[in-house]
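Inspection log for the structure reproduced underneath, given as structure tokens.
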Amino acid sequence: MLIAALGPHIPFPAYGVGTALYKNDKSRFQTEVVESVKWAVQNGFTHIDCAEAYGNEEEVGIALKDLDVPREKLFITSKVTTSIEDISAALTTSLKKLGLTYLDLFLLHSPKPFKEKNIPLSKGWEALEKELGQGRVHSIGVSNFYVKDLEEIKEKATVPPRVNQIEFHPQVYTHMKSLLEYCKSKNIIIEGYSSLLPLKKDPDGTVSKLVKSLASKYNVSDSLILLAWSNAQGVFPVTTTSKVERMKEFLSYKSVKLEQADIDAITAAGEESTRPLQNF
Ligand SMILES: NC(=O)C1=CN([C@@H]2O[C@H](COP(=O)(O)OP(=O)(O)OC[C@H]3O[C@@H](n4cnc5c(N)ncnc54)[C@H](O)[C@@H]3O)[C@@H](O)[C@H]2O)C=CC1
Ligand SMILES: O=CCc1c[nH]c2ccccc12
């Protein structure tokens with residue numbers, strides 16, 4: 001039986017550079033990434049969520065160099081998706097761009113490229129286990145893996161995933177409930193991205209209207225209500241913002257203790273307005 005993978009404490013919320021800060025124009029140096037990451041760390045974030053696919057690891061690396069914070073005070077995650085044929089080389093490239101000698105957490109970004117290239121997921125997982133053993137990563141995990149994908153790597157794995165990073169907010173709860181239960185049963189930490197999607201994509205919907213009314217009840221922002229709801233489900237948020245005030249507020253999400261009736265009402269509102277997964 002696989003014992004839950006031990007590894008370094010993972011600080012949350014994580015600050016992500018993969019959506020609002022995603023590098024669409026690979027030729028342009030993104031000074032906004034450098035500034036946003038520096039503001040995030042200077043305002044209290046210690047976990048930065050990166051990826052090869054975001055195209056901005058060099059900018060993150062410059063921010064980390066400018067910050068000059070002791071390495072052990074930060075938790076840096078990156079992910080591999082483009083270069084899955086040679087994950088060791090992909091890690092070397094990410095570490096060089098980030099200016100680091102190790103990652104705290106290294107993830108398989110998605111099962112999709114493995115299926116597109118007809119490469120077994122277990123081969124990707126084996127590559128991560130090898131890196132774990134060689135010290136360039138301190139913990140390993142997956143993202144966008146569903147139960148069947150987790151079961152597939154479990155067959156040959158010697159180390160279980162430390163985390164599974166998935167889309168998580170009330171409007172995908174229906175899709176994710178069984179995956180949540182599976183990950184909890186295997187002691188796989190669940191990181192949730194796009195926690196605030198209802199506010200952005202469905203601002204007049206039932207979830208957003210309820211969340212906004214609860215924001216008044218608890219005297220916090222609507223965003224914080226959704227981060228607190230994720231927390232109540234045992235899911236750790238990966239979020240982002242360029243606004244310093246929001247950065248400070250997001251860091252306090254664990255202090256918002258929602259009443260069970262309100263948690264249930266948000267869950268029910270999400271189930272009534274279920275959206276398709278973003279399907280990364
Ligand atoms: N593993 C994966 O496949 C994926 C990982 N991620 C990670 O998660 C991070 C966060 O993803 P997001 O979807 O951006 O997270 P999110 O749902 O937390 O949204 C953050 C965005 O919401 C905006 N926002 C904050 N409060 C708001 C409000 N009250 N009303 C309207 N908008 C508000 C912010 O300006 C920010 O741009 C990414 O940067 C990336 O690191 C994201 C998507 C996929
Ligand atoms: O992770 C954020 C969204 C994203 C951008 N590029 C890729 C590639 C594979 C999975 C997800 C993503």
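Every number for a ligand or one of its atoms is a count from 1 in the order of the listing.
Taking only nitrogen or oxygen atoms, main chain and side chain alike, Thr19 does not reach within less than 3.5 Å of ligand 2. On a distance-only criterion, Tyr54 and ligand 2 share at least one N/O pair closer than 3.5 Å. For ligand 1, the polar-atom distance check finds no N/O of Lys79 at less than 3.5 Å from any of the ligand's N/O atoms.
At a heavy-atom cutoff of 4.0 Å, ligand 2 is contacted by the side chain of Tyr22 but not by its backbone. Proximity of His169 to ligand 1, defined as any heavy-atom pair under 4.0 Å, is not found for any part of the residue. With a heavy-atom cut-off of 4.0 Å, Val17 touches ligand 1 through its backbone alone. The proximity of Ser143 to ligand 1, defined as any non-hydrogen pair under 4.0 Å, is limited to the side chain. In Leu197, the part holding a heavy atom less than 4.0 Å from any atom of ligand 1 is the backbone. Contacts between Thr19 and ligand 1 below 4.0 angstrom, taking non-hydrogen atoms only, involve backbone and side chain alike.
A heavy-atom separation below 4.0 Å is found between Tyr54 and ligand 1.
In this structure, atom 21 (C) of ligand 1 lies nearest to the protein heavy atom Lys200 NZ, 3.6 Å. Looking only at heavy atoms of the protein, atom 43 (C) of ligand 1 is closest to Tyr193 CD1, 3.2 Å. When hydrogens are left out, the protein atom nearest atom 35 (O) of ligand 1 is Arg246 NH1, 3.5 Å; that is the closest non-hydrogen contact.
Using a cut-off of 4.0 Å between Lys/Arg side-chain N and Asp/Glu carboxylate O, Asp202 and Lys209 are scored as not salt-bridged.
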